[in-house]
S.K.: 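Mind looking over this structure? Questions follow.
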Amino acid sequence: MRLKDKVAIITGAGSGQGEAAAKLFAREGAKVVIAEWNEENGKRVEAEIIANGYEAIFMKTDVSNEENVQSVISQVVDHYGRIDVLFNNAGIGFSARSKYKMAPLLETPLEDWNNILGINLNGVYLMSKYTIPIMMKQKSGSIVNNSSLNGLLGVTGADAYTASKGGVVALTRVMAVDYGKYNIRVNCICPGAIDTPMIAEVLSIEEIAKNYEAGPLGRVGRPEEIATAALFLSSDDSSYITGLIMPVDGGWHAV
Ligand SMILES: NC(=O)c1ccc[n+]([C@@H]2O[C@H](COP(=O)([O-])OP(=O)(O)OC[C@H]3O[C@@H](n4cnc5c(N)ncnc54)[C@H](O)[C@@H]3O)[C@@H](O)[C@H]2O)c1
């Protein structure tokens with residue numbers, strides 16, 4: 001029960017890594033807020049957690065919309081009175097290929113660039129902007145940002161995505177520095193390839209899948225393996241850790 005009675009907001013908790021974290025955090029005693037823009041998935045995860053005897057609430061959220069974010073955070077505070085954990089996990093990537101182009105810079109329309117950064121980077125900024133004042137009053141809180149190995153390396157073919165994730169890495173460091181004095185810790189996970197709906201399309205291409213599997217541990221990761229890292233960084237088990245940029249990637253960053 002490493003999050004006993006803690007209130008934990010998880011963005012993008014209707015699928016993949018966020019869903020795995022929501023289920024794990026709930027099992028560890030947290031009251032989980034599923035901040036997700038996909039209503040069907042958000043409600044499904046909420047129902048599954050409650051059916052297992054744990055606590056969760058779905059709040060429809062678009063992390064890129066300031067008004068919406070502000071209203072969600074104030075509803076959480078009205079409902080629970082506090083926020084202990086914020087897992088900034090929501091993101092848009094390769095599965096959105098038809099919506100926003102994942103491409104090198106020269107082939108990336110400005111509109112797609114803005115939309116990708118608007119979710120992946122502005123989303124972290126907005127959720128944090130309205131959560132940190134609550135944590136400052138409490139004099140405690142843990143924020144975990146979900147970046148990507150793309151935030152650390154120049155992986156070709158997804159330049160806006162890569163820039164957004166690099167921004168999340170840099171923002172993590174400065175948030176840790178600025179808000180440490182309020183006992184707010186801010187850390188960052190950089191997942192490698194994780195088997196979620198986001199990369200299902202690319203994983204179905206054998207050549208790409210083989211390449212992803214060529215890292216030191218010889219396989220892609222499972223969403224639960226990001227959830228356990230997020231749990232560690234969210235809980236008091238990591239009470240003296242802040243500003244950490246943690247690859248969880250089967251060793252790819254070491255290659
Ligand atoms: N899967 C990978 O290989 C991989 C690797 C590195 C980093 N990541 C990052 O991990 C995070 C989780 O991705 P995943 O792999 O679980 O993918 P996923 O597509 O399964 O889950 C992402 C979730 O975020 C939600 N979301 C997207 N935009 C949103 C918005 N504006 N507001 C609220 N919710 C929104 C989606 O509806 C979805 O439920 C993302 O930030 C992603 O960039 C993924």
Side-chain angles (χ1 to χ4, degrees), residues 9-24 33-46 58-69 71-73 86-97 99-100 102 114-127 144-153 155 158 160-169 171-172 188-204 208-209 211-213 215 219-227 229-230 245-250 252-253:
I9 302 178
I10 304 177
T11 66
S15 173
Q17 300 168 48
E19 174 176 351
K23 290 176 174 170
L24 178 62
V33 179
I34 299 162
E36 164 66 57
W37 72 357
N38 181 318
E39 203 161 335
E40 195 186 328
N41 279 342
K43 283 186 174 162
R44 175 183 57 78
V45 174
E46 178 196 57
F58 165 64
M59 291 192 187
K60 191 172 161 84
T61 310
D62 175 358
V63 297
S64 68
N65 180 315
E66 180 162 20
E67 237 172 80
N68 186 201
V69 166
S71 140
V72 166
I73 299 298
L86 170 63
F87 182 22
N88 280 315
N89 162 78
I92 197 114
F94 292 91
S95 66
R97 196 176 283 225
K99 197 167 182 194
Y100 306 125
M102 294 289 152
N114 286 337
N115 284 325
I116 292 164
L117 267 86
I119 295 171
N120 291 0
L121 181 56
N122 297 6
V124 174
Y125 150 68
L126 287 173
M127 290 296 299
V144 180
N145 296 329
N146 206 353
S147 173
S148 169
L149 205 53
N150 286 52
L152 303 175
L153 307 173
V155 183
Y161 181 82
T162 297
S164 72
K165 293 302 187 178
V168 171
V169 167
L171 185 59
T172 299
C188 180
I189 296 172
C190 291
I194 308 297
D195 189 1
T196 70
M198 179 175 284
I199 62 161
E201 269 171 48
V202 286
L203 275 184
S204 69
I208 297 181
N211 185 36
Y212 280 153
E213 286 160 13
R219 62 176 177 84
V220 299
R222 297 184 299 274
E224 293 74 17
E225 293 174 310
I226 301 300
I245 310 302
M246 183 163 89
V248 183
D249 64 347
W252 261 116
H253 72 281

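Heads up: numbering here begins at 1 and tracks the sequence. All values below were derived from every heavy atom in this structure, side-chain atoms included, with hydrogens, water molecules and symmetry-related copies excluded. Note that ligands are numbered from 1 as they come in the structure, with each ligand's atoms numbered from 1 the same way.
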S.K.: To check your reading of the model: name the closest protein heavy atom to atom 36 (C) of ligand 1, its residue, and the distance in Å.
M.R.: Glu36 OE2, 3.5 Å
S.K.: For Ala229 and Val248, which heavy atoms make the closest approach, and how far apart are they?
M.R.: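 Taking Ala229 first and Val248 second, the nearest heavy atoms are CB-CG2, 3.9 Å.
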S.K.: For Val169 versus Cys190, what's the shortest heavy-atom pair and its separation?
M.R.: CG2-SG, 4.1 Å
S.K.: Tell me which protein heavy atom sits closest to atom 34 (N) of ligand 1, plus the residue, atom name and distance to 0.1 Å.
M.R.: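 Here the nearest protein heavy atom works out to Trp37 N, 3.5 Å.
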S.K.: Between Cys190 and ligand 1, which residue portion shows a heavy-atom distance shorter than 4.0 Å: side chain, backbone, both, or neither?
M.R.: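 Under 4.0 Å from ligand 1, Cys190 contributes no heavy atoms.
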S.K.: Donor-acceptor pair, distance only, cut-off 3.5 Å: does the side chain of Lys165 make one with the backbone of Asn146?
M.R.: yes
S.K.: Are the side chain of Ser71 and the backbone of Glu67 linked by a donor-acceptor contact shorter than 3.5 Å?
M.R.: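 No, Ser71 side chain to Glu67 backbone: no donor-acceptor pair under 3.5 Å.
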S.K.: Between the side chains of Glu19 and Arg44, is the shortest nitrogen-to-carboxylate-oxygen separation below 4.0 Å, so that they form an ion pair?
M.R.: yes
S.K.: Side-chain contact, heavy-atom cut-off 4.5 Å: Thr61 with Thr11?
M.R.: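 They are not in contact (no side-chain heavy atoms under 4.5 Å apart), so the answer is no.
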S.K.: Please indicate whether any nitrogen or oxygen in Val63 is less than 3.5 Å from any nitrogen or oxygen in ligand 1.
M.R.: yes
S.K.: To the nearest 0.1 Å, how far is atom 14 (P) of ligand 1 from its closest protein heavy atom, and which atom is that?
M.R.: Thr196 OG1, 3.5 Å
S.K.: Minimum heavy-atom separation for Ala13 and Ile34, please, with both atom names.
M.R.: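 Residues Ala13 and Ile34, closest heavy atoms: CB-CG2, 3.7 Å.
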S.K.: I need the atoms of ligand 1 closer than 4.0 Å to a non-hydrogen atom of Asp62, numbered in the order shown.
M.R.: 30 (C), 31 (N), 32 (N)
S.K.: How far is atom 19 (O) of ligand 1 from its nearest protein heavy atom, and which residue and atom name does that atom have?
M.R.: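 Looking at atom 19 (O) of ligand 1, the protein heavy atom closest to it is Met198 CB, 3.6 Å.
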S.K.: For ligand 1, is Ser147 a contact, meaning one of its heavy atoms is under 4.0 Å away?
M.R.: yes
S.K.: Purely on distance, is any nitrogen or oxygen of Ile194 under 3.5 Å from one on ligand 1?
M.R.: yes
S.K.: When you measure from the heavy atoms of Ala20 to every atom of ligand 1, does any distance fall below 4.0 Å?
M.R.: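 The answer is no: ligand 1 sits nowhere under 4.0 Å from a heavy atom of Ala20.
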S.K.: Within the structure, is a non-hydrogen atom of Glu19 found at a distance of less than 4.0 Å from ligand 1?
M.R.: no
S.K.: Does Ile116 form a side chain to side chain contact (heavy atoms under 4.5 Å, CB included) with Met102? I'd like the steps, not just the answer.
M.R.: CA-CA 9 Å; Ile116 292 164; Met102 294 289 152; 3.7 Å; yes
S.K.: Can you check whether Ser15 has an N/O within less than 3.5 Å of an N/O in ligand 1?
M.R.: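 Checking ligand 1 against Ser15, an N or O pair does fall under 3.5 Å apart.
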S.K.: With only distance considered, is Asn120 within less than 3.5 Å of ligand 1 through an N or O on each side?
M.R.: no
S.K.: Can you find a non-hydrogen atom of Pro223 under 4.0 Å from ligand 1?
M.R.: no
S.K.: Heavy-atom contact check, 4.0 Å cutoff: does Asn146 meet ligand 1?
M.R.: yes
S.K.: Please could you name the atoms of ligand 1 that Ser148 approaches to less than 4.0 Å, counting only its heavy atoms?
M.R.: 6 (C), 7 (C)
S.K.: Run the side chain to side chain contact (heavy atoms under 4.5 Å, CB included) test on Val155 and Trp252 for me, step by step, so that the C-alpha distance in whole Å, both residues' side-chain angles and the decisive distance to 0.1 Å come before the verdict.
M.R.: CA-CA 12 Å; Val155 183; Trp252 261 116; over 6 Å; no
S.K.: Does Ile92 have a non-hydrogen atom less than 4.0 Å from ligand 1?
M.R.: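 Under 4.0 Å: no for Ile92.
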S.K.: For atom 4 (C) of ligand 1, what is the nearest protein heavy atom, given as residue, atom name and distance?
M.R.: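 The protein heavy atom lying closest is Gln17 NE2, 3.6 Å.
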S.K.: Can you find an N or O of Asn89 that's nearer than 3.5 Å to an N or O of ligand 1?
M.R.: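 Looking only at distances, the answer is yes, because the N/O contact criterion of under 3.5 Å is met.
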S.K.: Any heavy atom of Ala193 sitting closer than 4.0 Å to ligand 1?
M.R.: yes
S.K.: How far is atom 24 (O) of ligand 1 from the closest protein heavy atom, and which atom is that?
M.R.: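 The answer is Gly12 CA, 3.4 Å.
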S.K.: For ligand 1, is any non-hydrogen atom under 4.0 Å from Ile199's backbone (N, CA, C, O), its side chain (CB onward), both, or neither?
M.R.: side chain
S.K.: Judged by atom type as modelled, is there a donor-acceptor pair below 3.5 Å linking the side chain of Glu36 to the main-chain atoms of Gly14?
M.R.: yes
S.K.: By number and element, which atoms of ligand 1 are closer than 4.0 Å to a non-hydrogen atom of Gly91?
M.R.: 22 (C), 24 (O), 27 (C), 40 (C), 41 (O)
S.K.: List ligand 1 atoms under 4.0 Å from Tyr161, heavy atoms only on the residue side.
M.R.: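 Those of ligand 1 that fall under 4.0 Å from Tyr161 are 6 (C), 7 (C), 8 (N), 9 (C), 42 (C), 43 (O).
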S.K.: What residue and atom, counting heavy atoms only, is the protein's closest point to atom 5 (C) of ligand 1, and at what distance?
M.R.: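 Result: Gly192 O, 3.0 Å.
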S.K.: Do Asn89 side-chain atoms and Gly12 backbone N/O form a donor-acceptor pair below 3.5 Å?
M.R.: yes
